[in-house]
Amino acid sequence: MLKIVVMISGGGSNLQAIIDGIAHGVITDAEIVGVISNHKKAYGLERAMEHHIPCQVVSRGDFANQAEFYQALLAAVDGFMPDLIVLAGFLVVLPKDLIVVYRNKIINIHPSLIPAFCGTGYYGLHVHTAALARGVKIAGATVHFVDEGTDTGPIILQKAVEVKAGDTPESLQRRVMEEAEWVILPKAIRMIAKGEV
Ligand code: GRF
């Protein structure tokens, strides 16, 4: 049974996709053993609590400095003893120790077709605003392993969606989430749980 910890910062719609994937049997042999958020008001925590998933908030403001925050973050993850860590809209740069200790066991969902529109500053709506400004006709999402870089780890899955005339950053974000993110993240977890990656 693959033990998963999901790390969030906001709405948690990707967390919900994993919860639903397990509930509907899309993801087998896996369970979410914990959810960690860096924001105490993240709606994703509500989603986790509705499914009786243990939650932990590790918020930078509660610590005297970055080192103590990072120490608490690592301790929170270790406490769940995960086989896989899923960054689902987690907007904190991970401590290097975490990446070293959990090498090739951390995956991230990014709302573009990497290597387009990724790296520092490309998160949330910024990604879709940049894509529309460039005038791309295809957008999409990527699931990749996390390494020391930003959105630079080995790619696991990608899914493209069409950019439509009149799209706003919000409408494009919604389509990328619904048609790409919420599909490939559960699929990637299923593949990892089945030893296919
Ligand atoms: C998603 O767009 C995801 O691609 C990005 O951050 C957003 C998180 O959304 N990493 P949610 O919290 O999963 O709803």
Side-chain angles (χ1 to χ4, degrees), residues 4-23 26-27 30 32 34-51 53 55-59 73 84-94 98-99 106-133 136 138-147 149-163 167-190:
I4 303 168
V5 160
V6 183
M7 301 180 80
I8 63 168
S9 295
S13 69
N14 278 283
L15 165 65
Q16 190 66 53
I18 302 168
I19 291 170
D20 296 345
I22 292 172
V26 169
I27 301 173
I32 304 173
V35 167
I36 296 171
S37 172
N38 67 308
H39 281 312
K40 29 186 87 66
K41 292 199 181 334
Y43 183 67
L45 291 168
E46 300 285 323
R47 297 179 192 266
M49 284 184 268
E50 258 169 48
H51 290 268
I53 298 169
C55 296
Q56 202 164 338
V57 175
V58 183
S59 175
L73 206 53
L84 180 68
I85 299 166
V86 179
L87 307 184
F90 191 62
L91 296 178
V92 170
V93 176
L94 295 184
L98 189 68
I99 293 165
I106 310 174
I107 64 173
N108 181 50
I109 175 80
H110 181 75
S112 79
L113 296 174
I114 289 175
F117 310 114
C118 66
T120 307
Y122 285 105
Y123 60 90
L125 273 180
H126 298 296
V127 172
H128 306 294
T129 302
L132 292 173
V136 295
I138 298 291
T142 302
V143 180
H144 63 94
F145 283 109
V146 173
D147 63 10
T150 303
D151 304 327
T152 52
I155 290 172
I156 301 168
L157 285 179
Q158 295 189 299
K159 191 168 191 299
V161 304
E162 199 186 350
V163 177
D167 258 334
T168 62
E170 290 76 10
S171 63
L172 181 55
Q173 177 179 53
R174 184 83 196 158
R175 188 173 316 114
V176 169
M177 290 174 110
E178 284 177 347
E179 297 180 15
E181 297 180 36
W182 302 343
V183 173
I184 60 174
L185 186 54
K187 190 173 174 186
I189 293 168
R190 171 195 171 91

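For the single chain, residues carry numbers from 1 onward in sequence order. Numbering of ligands and ligand atoms starts at 1, following listing order.
At the shortest separation from atom 12 (O) of ligand 1 among protein heavy atoms lies Gly12 N, 2.8 Å. For atom 14 (O) of ligand 1, the nearest non-hydrogen atom of the protein is Ser13 OG, 2.6 Å. Ranking protein heavy atoms by distance to atom 6 (O) of ligand 1, first place goes to Gly89 CA, 3.5 Å. Of the protein's non-hydrogen atoms, the one nearest atom 9 (O) of ligand 1 is Met177 CE, 3.4 Å. The closest protein non-hydrogen atom to atom 1 (C) of ligand 1 is Glu181 OE1, 3.1 Å.
With salt bridges taken as basic N to acidic carboxylate O contacts below 4.0 Å, none links Arg174 and Glu170.
Scanning all heavy atoms of the two residues, the minimum distance from Asp167 to Glu162 falls at OD2-O, 4.4 Å. Nearest approach of Pro186 to Ala17, heavy atoms of both residues: CG-O, 3.7 Å.
Within a 6.0 Å radius of NZ in Lys187, no more than 12 heavy atoms belonging to other residues, nucleotides or ligands are found.
Atom numbering of ligand 1 starts at 1 in the shown order; those under 4.0 Å from a heavy atom of Ile109 are 4 (O), 10 (N). Within the listing of ligand 1, atoms 4 (O) sit less than 4.0 angstrom from a heavy atom of Pro111.
Geometrically, ligand 1 and Asn14 share a nitrogen or oxygen pair separated by less than 3.5 Å.
Side-chain atoms of Ser112 and His110 form a donor-acceptor pair, as typed in the model, at a separation below 3.5 Å. For Ser59 and Asn38, the side-chain atoms include no donor-acceptor pair closer than 3.5 Å.
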